[in-house]
A.B. asks: 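Would you mind keeping the following structure in view while I ask a few things?
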Amino acid sequence: MQTRIGSVGSLEEGKDPVITTRTSQSKTLPLRALQLFGFFLALCIGFSIISIYTIRRFGIYSTVTTVKSTFVPCAEEPNSLDHWRKPPLSLLHSMSDKELLWRASFVPRIKKYPFNRLPKIAFMFLTKGPLPLAPLWERFFKGHEGLYSVYIHSLPSFKAEFPSSSVFYRRQIPSKVAEWGRMSMCDAERRLLANALLDISNEWFILLSESCIPLYNFSVIYQYIMKSKHSFMGAFDDPGPFGRGRYNYNMVPEVNISKWRKGSQWFEVNRKLAINIVEDVTYYPKFEQFCRPACYVDEHYFPTMLTIQTPNLLANRSITWVDWSRGGPHPGTFGRSDITEDFFKRILEGHQCRYNDQPSSICFLFARKFAPSAMEPLLQIAQKVLGF
């Protein structure tokens with residue numbers, strides 16, 4: 001009995017400490033929680049005071065505020081007239097050709113512009129790579145900012161390295177390979193036109209190569225283009241094997257042989273005709289399928305299409321002089337030894353053409369093909385002979 005009683009006593013004695021410990025912990029926990037809460041509250045208040053002082057003292061704003069301030073103008077930009085009036089800040093974009101042509105075909109239905117629009121000439125350079133005659137063009141453009149814009153279509157792999165002061169700096173458009181005599185060449189020309197059309201101030205569009213030079217100063221060329229009632233694209237009916245001989249009767253009914261035309265690849269068109277070219281989905285498939293070498297599509301597609309659509313707007317001549325006297329599929333090329341005053345007299349004098357339905361002796365504004373070796377003598381003779 002004593003052992004049992006002792007056992008019970010031991011159990012009772014073991015309970016007392018447990019009860020005491022739990023009671024002590026229950027009293028301690030709320031106190032620690034209050035201390036931690038007070039610490040974090042003081043920390044938050046201190047951080048807030050420091051933040052307010054920093055903002056007032058140094059003008060530092062939160063990241064959220066900065067993101068919001070930059071986002072709002074982007075969302076509001078399409079609602080501003082400047083979004084449509086000003087040219088793109090960068091010529092680089094991610095549009096496909098189909099998207100680009102669609103975007104470039106937008107036409108305002110009201111002819112009068114609601115802002116002071118200064119019409120510009122878009123000089124479109126279709127090249128393989130470098131522009132060896134760039135220094136001559138730099139001199140030609142100097143002092144006429146706001147009256148021109150420049151676009152370069154080169155091989156996609158070519159990376160131009162013009163200084164930031166150059167008129168050619170960052171003027172390359174997204175490009176693809178263009179093969180001579182094939183539809184990819186016309187695709188490149190349409191790509192140039194479409195990118196240039198994104199600037200609503202561009203009114204005239206001139207296609208040039210890296211071997212082209214201007215024959216007059218900028219003011220003369222600008223006035224000549226601006227005052228002309230016609231666009232300068234050759235579109236003549238050649239009954240021989242290199243004209244009608246290239247026609248394919250599968251082109252009917254869209255293209256009849258009586259409307260089949262041939263002309264120089266190098267042209268000038270106004271904004272209306274440029275839009276006609278980029279928006280075309282009627283004639284493009286016919287020429288793509290049925291005008292392949294020995295039918296050279298870049299000589300027939302645009303002249304034929306525009307003859308069908310707007311023959312009254314074409315001067316039916318090119319303003320780019322070339323020399324075919326040497327024969328062959330390509331015109332003659334001129335180098336250092338060819339650049340003389342007599343050479344330019346032969347180009348500039350002795351021609352007769354029609355300008356605004358009147359006889360004129362000024363028939364060519366540009367000339368090609370000039371080799372890189374011609375650049376130095378061209379710079380030396382430009383002021384005296386070309387006027388710039």
Side-chain angles (χ1 to χ4, degrees), residues 81-89 91 100-126 137 140-153 167-168 171 173 189-208 212 214-235 263-264 266-280 302-303 305-306 309-320 355-357 360 362 364-366:
L81 182 62
D82 286 348
H83 176 72
W84 303 96
R85 182 176 65 86
K86 293 182 178 180
L89 295 177
L91 295 186
L100 174 64
L101 296 175
W102 176 81
R103 173 63 184 85
S105 66
F106 287 4
V107 181
R109 302 296 294 176
I110 299 177
K111 293 183 178 180
K112 186 175 181 180
Y113 292 91
F115 56 89
N116 184 22
R117 177 180 181 262
L118 186 62
K120 298 190 295 186
I121 298 178
F123 291 84
M124 309 179 302
F125 291 86
L126 181 58
W137 285 100
F140 169 78
F141 287 122
K142 187 176 181 180
H144 301 283
E145 293 74 14
L147 294 176
Y148 67 88
S149 52
V150 174
Y151 302 85
I152 304 171
H153 186 294
V167 298
F168 298 104
R171 301 310 297 174
I173 66 169
E189 294 170 9
R190 296 177 87 200
R191 205 172 290 123
L192 278 165
L193 285 170
N195 279 277
L197 281 167
L198 297 182
D199 184 348
I200 201 168
S201 293
N202 286 332
E203 184 63 27
W204 306 284
F205 306 79
I206 301 175
L207 183 67
L208 302 160
C212 283
L215 294 175
Y216 296 92
N217 63 44
F218 185 92
S219 298
V220 171
I221 290 178
Y222 185 89
Q223 292 295 319
Y224 192 96
I225 297 294
M226 180 185 67
K227 294 180 179 180
S228 175
K229 299 188 299 184
H230 304 98
S231 287
F232 296 97
M233 177 176 289
S264 170
W266 314 104
F267 60 78
E268 178 275 328
V269 293
N270 63 21
R271 192 172 183 88
K272 173 180 170 55
L273 298 187
I275 292 172
N276 284 7
I277 291 173
V278 303
E279 72 178 3
D280 173 49
F302 299 156
M305 181 186 71
L306 295 180
Q309 293 179 334
T310 55
N312 59 310
L313 296 182
L314 301 180
N316 193 21
R317 65 181 177 90
S318 173
I319 49 175
T320 300
Y355 177 75
N356 288 340
D357 300 322
S360 175
I362 301 178
F364 299 105
L365 303 183
F366 307 95

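Just so it is clear, the structure is predicted and the values come from calculations on it, not from any experiment. Quick note: numbers below take in every heavy atom, side chains included, and nothing from hydrogens, waters or symmetry partners.
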A.B. asks: To the nearest 0.5 angstrom, please state how far the CG atom of Leu193 sits from the CG atom of Leu207.
C.D. replies: 7.5 Å
A.B. asks: Can you find a heavy atom in the side chain of Ser264 that is under 4.5 Å from one in the side chain of Phe232?
C.D. replies: no
A.B. asks: Mark yes when over 12 heavy atoms from residues, nucleotides or ligands other than Asn116 sit less than 6.0 Å from its CG; otherwise mark no.
C.D. replies: no
A.B. asks: Measure the CG-OH distance between Leu118 and Tyr113 for me, rounded to the nearest 0.5 Å.
C.D. replies: 12.5 Å
A.B. asks: Under 6.0 Å between ring centres, would you say that holds for Tyr224 and Tyr355?
C.D. replies: yes
A.B. asks: Set out, in order, the CA-CA distance, both residues' side-chain angles and the distance that settles ring pair (Phe, Tyr, Trp, His ring centres under 6.0 Å) for Phe168 and Trp137, then state yes or no.
C.D. replies: CA-CA 9 Å; Phe168 298 104; Trp137 285 100; 7.6 Å; no
A.B. asks: Is the closest basic N to carboxylate O distance between Lys229 and Asp357 below 4.0 Å?
C.D. replies: yes
A.B. asks: Quickly, which of Lys86, Lys120, Arg85 forms a side-chain hydrogen bond (donor to acceptor under 3.5 Å, both in side chains) with Asp199? Name it, please.
C.D. replies: Lys120
A.B. asks: Quick one: CZ on Phe140 to CG on Leu215, what's the gap to the nearest 0.5 Å?
C.D. replies: 10.0 Å
A.B. asks: Go through the side-chain N and O atoms of Ser149 and Asn202 and say whether any donor and acceptor fall under 3.5 Å apart.
C.D. replies: yes
A.B. asks: Give me the ring orientation class for Phe366 and Phe123: parallel if the planes are under 30° apart, tilted from 30 to 60°, perpendicular past 60°.
C.D. replies: perpendicular
A.B. asks: With sequence neighbours excluded, what pairs up with Lys272 under the side-chain hydrogen bond (donor to acceptor under 3.5 Å, both in side chains) test?
C.D. replies: none
